[in-house]
Amino acid sequence: MHVLVPIDGSESSFNALEFGALFAREFEADLDVVHVTDERAAETEELFDRARDLLRKVGVEIEPEAVIDDVVTESEAARKVGRRLIELAEERGYDHVVMGRESGGRLERFVVGSASETLVEESELPLTLVP
């Protein structure tokens, strides 16, 4: 089994990372942690440091990966990030996605979209959403 956990710096994404790491460890699955960004910057490194610390805490030693894509700077970026995650899952053959569920309200999701909502609506992959 090959599990994908996308992270974005939100608390729900780190909750998903912890759950995904424990899930992967329990089922002896391969785990990939990705962050979709327009550039690898200092903020990305801080995000990865926090992710590495959490992964070490649960006994998983892997390196998070930055997926560089300009979709994060476009309108409806969250939906486009969701679509990019679906493409990534298809390209790499992931069997399961574990991700944080955005906590924005209905209006915010309508205006900017939601990456997790996009995966629910447009992907056939098994998906676990973590608050």
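In this chain, residues are counted from 1 in sequence order. Since the model is a prediction, treat every value here as computed from it, not as a measurement.
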pair Met99-Leu85: side-chain heavy atoms closer than 4.5 Å:
yes
Sole candidate of Leu31, Thr128, Leu4, Leu127 that passes side chain to side chain contact (heavy atoms under 4.5 Å, CB included) when paired with His96:
Thr128
Provide the full list of ring-ring contact (aromatic ring centres under 6.0 Å, His included) pairs with a residue in residues 30-62, sequence neighbours left out, each pair given once.
none
So which of Val130, Leu55, Val5, Leu54 actually passes side chain to side chain contact (heavy atoms under 4.5 Å, CB included) with Glu18?
Leu54
Can you establish whether the number of heavy atoms outside Glu91 located under 6.0 Å from its atom CD is more than 12?
yes
For the residue pair Val60 and Ala21, what are the closest heavy atoms and their distance?
CG2-O, 3.8 Å
Run through Arg101, Arg79, Arg83 and flag the one making a salt bridge (Lys or Arg N to Asp or Glu O under 4.0 Å) with Glu117.
Arg79
Under 4.5 Å between any side-chain heavy atoms of Glu90 and Ile86, yes or no?
yes
Set out, in order, the CA-CA distance, both residues' side-chain angles and the distance that settles side chain to side chain contact (heavy atoms under 4.5 Å, CB included) for Leu88 and Val67, then state yes or no.
CA-CA 9 Å; Leu88 190 66; Val67 175; 4.1 Å; yes
Can you check whether Arg40's main-chain N or O pairs, donor with acceptor, with Thr37's side chain at less than 3.5 Å?
no
What pair of heavy atoms forms the shortest contact from Ala16 to Gly100, and how long is it?
CB-N, 3.4 Å
If you look at every heavy atom in Ser10 and Ser13, which pair is closest and at what distance?
O-OG, 2.9 Å
Between Glu11 and Arg50, does any NZ, NE, NH1 or NH2 come within less than 4.0 Å of an OD or OE carboxylate oxygen?
yes
What pair of heavy atoms forms the shortest contact from Ser116 to Leu129, and how long is it?
CB-CD2, 3.6 Å
How are the rings of Phe27 and Phe23 set relative to one another: parallel (under 30°), tilted (30 to 60°) or perpendicular (over 60°)?
tilted
Derivation of the side chain to side chain contact (heavy atoms under 4.5 Å, CB included) call for Asp69 and Glu87
CA-CA 12 Å; Asp69 199 312; Glu87 290 172 8; 5.6 Å; no
With heavy-atom distances below 4.5 Å as the criterion, would you say the side chains of Val97 and Val3 are in contact?
no
For Pro131 versus Asn15, what's the shortest heavy-atom pair and its separation?
O-ND2, 2.9 Å
Tell me whether Glu121 at atom CD has more than 12 heavy atoms from other residues, nucleotides or ligands lying less than 6.0 Å away.
yes
Please identify each residue that fulfils side-chain hydrogen bond (donor to acceptor under 3.5 Å, both in side chains) with Asp32, with sequence neighbours left out.
His2, Tyr94
Does the pair Val33 and Ile62 meet the rule for a side chain to side chain contact (heavy atoms under 4.5 Å, CB included), with working shown?
CA-CA 8 Å; Val33 178; Ile62 62 163; 3.6 Å; yes
Between Ser123 (side chain) and Val120 (backbone), is there a donor-acceptor pair under 3.5 Å?
no
Look up atom CG in Leu17 and atom CZ in Arg52, then write down how far apart they are to the nearest 0.5 Å.
12.0 Å
Connected via hydrophobic side-chain network under 4.5 Å: Leu22 and Ile7:
yes
What residues form a side-chain hydrogen bond (donor to acceptor under 3.5 Å, both in side chains) with Arg25, not counting sequence neighbours?
none
